[in-house]
Amino acid sequence: MEKTETKLLKIDRSSFKETDIDEAAGILRQGGLVAFPTETVYGLGGNALDETAAARIYAAKGRPSDNPLIVHIADVASLKELAKNVPEEAYALADAFWPGPLTMILNKKPCVPDGTTGGLKTVAIRFPADDIALALIRRSGLCIAAPSANASGRPSPTTAQHVYDDLNGRIEYILDGGPVNIGVESTIIDLTGEKPLILRPGFITREDLEKVIGTVEYDKAVVSRVPKANIVAKAPGMKYRHYAPKGELVIVEGSRENVARYINRRVEELNAGGHKTGVIATDETAPLYKSTTVLSLGKRTEEKALTHRLFAILREFDDLGTDHMFTESFYDTVLSEAIMNRLRKAAGYKTVNADEEI
Ligand code: TXA
Ligand code: MG
């Protein structure tokens, strides 16, 4: 791929003017690529209705082109321009959760090119809550196709530095709005089938959705604790190995004491073999681990913030050259599906039950 000069512009959230975004907006209008912050993760934006821009996004990320992109909009009215047969539920969900970390799958109109939807007849649409993202959509006058702005297979980027590390020289522009808020990608709900289906768990939970539209089910593949050859995830992107740290990650389940005892024993063995180890824990449990690098997701009592540093921690372990990582499990927290779905993928589903190992 040809080398491109990447410009990075810092934006001060508290004082920026929409016109500060005009250079980036102009690049998008000319078919270029701009990475920008959203409330979930950084996105890699291109003109959603321009097939060539979509092709450039796939090339920059090294992403398989059957994996469709999410189209970002800045007002609910754009729904009708991109999608047909929009059901009532979509408007009810938009009313409750937009702008915000929810993506809806709807039947696409012909104006959305196959290059953006990976050949699917449906389109993923999201109205993000980030002021910089919204300014970019408005100033460009476009709908913006944006996958997470990481190189394919790497953890999603939650800072502009992560984007720079993965995509410098491959895209024109990065808008740096500081670290994101939520830290995992939007919840995806498919409204094109008989029943609403969650294709990717996120900050907006099943319970949140059910309060607005009644029964919602999970795509079985995204909540399964073991990979099952016969169930393929409905969102094309969910079937790929993802978020992969460079070292090996193992999820350790069980009582707090047994988890700590098991991990400490493994760490001792690995350290003796010359390995570099690390543990993903919480503020409450971090002191239980000895002779290893412990990175904390935060306080278990602040459950809704536990996603914030998840991907950043995976990248931090890479930077430290850690080759063996262990993580506690988070099945008992409100964002359990969102967190554990990412951890299972990062771990390639490797899980140990410490209660059985001790
Ligand atoms: O929070 C987010 O959603 C972030 C920010 C940047 O908005 N974006 C994001 O995009 O996570 P990406 O491309 O990394 O993930 C999009 C997921 C993929 O798993 C893809 O397969 C699925 O959405 N998807 C997109 N269009 C779809 C469609 N028409 N039907 C089913 N799944 C779809
Ligand atoms: Mg992604």
Side-chain angles (χ1 to χ4, degrees), residues 37-41 93 96-103 126 128-130 148 155-159 178-189 198-212 216-219 222-225 238 242-243 245 249-260 263 278-289 294-317 325-347 349 351 353-355:
T38 80
E39 75 278 32
T40 56
V41 301
L93 291 173
F97 301 113
W98 277 359
L102 179 71
T103 296
R126 168 157 128 77
D130 184 289
S148 49
S156 294
T158 54
T159 65
V180 301
N181 241 322
I182 293 177
V184 292
E185 309 88 338
S186 60
T187 304
I188 302 180
I189 186 163
I198 297 173
L199 304 191
R200 181 172 70 186
F203 187 79
I204 293 178
T205 64
R206 179 190 199 166
E207 292 68 31
D208 295 334
L209 296 164
E210 288 190 330
K211 277 186 203 137
V212 181
V216 170
E217 288 181 7
Y218 276 116
D219 176 5
V222 303
V223 287
S224 171
R225 293 198 188 192
M238 298 296 281
H242 227 202
Y243 317 131
L249 174 69
V250 177
I251 300 168
V252 186
E253 296 176 12
S255 73
R256 191 177 279 201
E257 296 69 31
N258 286 346
V259 167
I263 292 178
V279 178
I280 302 175
T282 56
D283 290 358
E284 292 88 342
T285 54
L288 300 175
Y289 301 99
V294 185
L295 298 180
S296 172
L297 289 177
K299 293 195 180 67
R300 273 193 188 251
T301 46
E302 286 166 24
E303 292 182 45
K304 287 218 138 186
L306 285 173
T307 51
H308 187 78
R309 276 184 30 80
L310 181 58
F311 289 135
I313 283 178
L314 293 176
R315 283 178 181 260
E316 231 170 292
F317 276 130
M325 287 151 284
F326 299 91
T327 178
E328 299 175 348
S329 69
F330 298 88
Y331 284 109
D332 54 349
T333 61
V334 10
L335 295 180
S336 61
E337 294 304 346
I339 299 174
M340 293 312 298
N341 169 270
R342 272 70 177 188
L343 282 177
R344 283 192 298 261
K345 284 183 157 190
Y349 287 91
T351 304
N353 187 330
D355 295 340

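On a predicted model such as this, the values are computed, not experimentally measured, just so you know. Because only heavy atoms are used, hydrogens play no part in the values below, and waters and symmetry mates are left out as well, while side chains stay in.
- Ile182 CD1 to Thr187 OG1: the interatomic distance, rounded to the nearest 0.5 Å, is 8.5 Å.
- Across every non-hydrogen atom of Leu199 and Val222, the tightest pair is O-CG1, 3.1 Å.
- Remark: the backbone N or O of Lys299 is not paired with any side-chain donor or acceptor of Thr301 at under 3.5 angstrom.
- Two residues are said to be in side-chain contact when any heavy atoms from C-beta on lie closer than 4.5 Å; Ile313 and Leu297 meet this criterion.
- Between Glu328 and Arg300, at least one side-chain nitrogen of the basic residue sits less than 4.0 Å from a carboxylate oxygen of the acidic one, meeting the salt-bridge criterion.
- Taking 4.0 Å as the cut-off between side-chain N and carboxylate O, Glu284 and Arg256 do not count as a salt-bridged pair.
- Two residues are said to be in side-chain contact when any heavy atoms from C-beta on lie closer than 4.5 Å; Pro179 and Thr158 fail this criterion.
- Remark: Arg225 pairs with Glu253, Tyr331, Arg344 by the side-chain contact (heavy atoms from CB on, under 4.5 Å) rule, at least two apart or across chains.
- Heavy-atom minimum distance, Phe203 versus Leu335: O-CD2, 3.6 Å.
- By the 4.5 Å heavy-atom criterion applied to side chains, Leu249 and Leu343 are counted as neighbours.
- A salt bridge links Glu39 with Arg126; the closest basic N to acidic carboxylate O contact falls under 4.0 Å.
- Gly254 approaches Asp355 most closely through the heavy-atom pair CA-OD2, 3.4 Å.
- With Glu337 contributing its side chain and Pro201 its backbone, the two residues share no donor-acceptor pair below 3.5 Å.
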Derivation and outcome, side chain to side chain donor-acceptor pair (under 3.5 Å), residues Thr40 and Ser186
CA-CA 6 Å; Thr40 56; Ser186 60; 5.7 Å; no
Could you walk me through whether Val334 and Glu207 satisfy the side chain to side chain contact (heavy atoms under 4.5 Å, CB included) test, starting with their C-alpha distance in whole Å, then the side-chain angles of each, then the deciding distance to 0.1 Å, before giving a yes or no?
CA-CA 10 Å; Val334 10; Glu207 292 68 31; over 6 Å; no
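- Each of Thr327, Asn353, Ile263 was compared with Val252 under the side chain to side chain contact (heavy atoms under 4.5 Å, CB included) criterion, and only Ile263 meets it.
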When you look at Glu185 and Ser148, which way does the side chain to side chain donor-acceptor pair (under 3.5 Å) test go after all the steps?
CA-CA 8 Å; Glu185 309 88 338; Ser148 49; 4.8 Å; no
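- Here the OG atom belonging to Ser329 is positioned 12.0 Å from the CD1 atom belonging to Ile280, to the nearest 0.5 angstrom.
- Residues Leu209 and Phe97 form a side-chain contact, since some pair of their non-hydrogen atoms from C-beta on lies under 4.5 Å apart.
- For the pair Pro99 and Pro128, the tightest heavy-atom approach, listed with the atom from each and the gap, is CB-O, 3.2 Å.
- Contact between Met325 and Pro245 at its shortest, heavy atoms only, is CE-CB, 3.9 Å.
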Apply the test side chain to side chain contact (heavy atoms under 4.5 Å, CB included) to residues Phe317 and Val279: give CA-CA distance (whole Å), side-chain angles for both, the deciding distance (0.1 Å), then the verdict.
CA-CA 9 Å; Phe317 276 130; Val279 178; 5.7 Å; no
Assess whether side chain to side chain donor-acceptor pair (under 3.5 Å) is satisfied between Thr333 and Ser336, documenting all intermediate values.
CA-CA 5 Å; Thr333 61; Ser336 61; 5.0 Å; no
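- The distance from atom CD1 of Ile198 to atom CD1 of Ile188, rounded to the nearest 0.5 Å, is 11.0 Å.
- Counted within 6.0 Å of NZ on Lys304, heavy atoms from surrounding residues, nucleotides or ligands total more than 12; the atom is thus considered enclosed.
- In this structure, the separation between NE2 on His308 and CG on Asn181 is 7.0 Å, given to the nearest 0.5 Å.
- Counting only heavy atoms from C-beta outward, the side chains of Thr307 and Ile339 approach each other to under 4.5 Å.
- A 4.5 Å side-chain heavy-atom check between Thr38 and Val180 finds every atom pair outside the cut-off.
- Applying the side chain to side chain donor-acceptor pair (under 3.5 Å) test to Asp283 and every residue at least two apart in sequence or in another chain returns Ser296.
- When each of Val41, Leu310, Leu314 is tested with Pro155 by the rule side chain to side chain contact (heavy atoms under 4.5 Å, CB included), just one qualifies, namely Leu314.
- Proximity of Val184 to Phe311: side-chain heavy atoms (C-beta onward) are separated by under 4.5 Å at one or more points.
- Rounding to the nearest 0.5 Å places CD of Glu302 at 11.5 Å from OG1 of Thr282.
- Shown here for Ala346 and Tyr243, the closest heavy-atom pair between the two residues is CB-O, 3.6 Å.
- Ion pair Arg206/Glu217 not flagged as a salt bridge, since none of the NZ, NE, NH1 or NH2 atoms sits closer than 4.0 Å to an Asp/Glu carboxylate oxygen.
- Inter-residue side-chain proximity for Arg342 and Arg200 is flagged as met; some heavy-atom pair is nearer than 4.5 Å.
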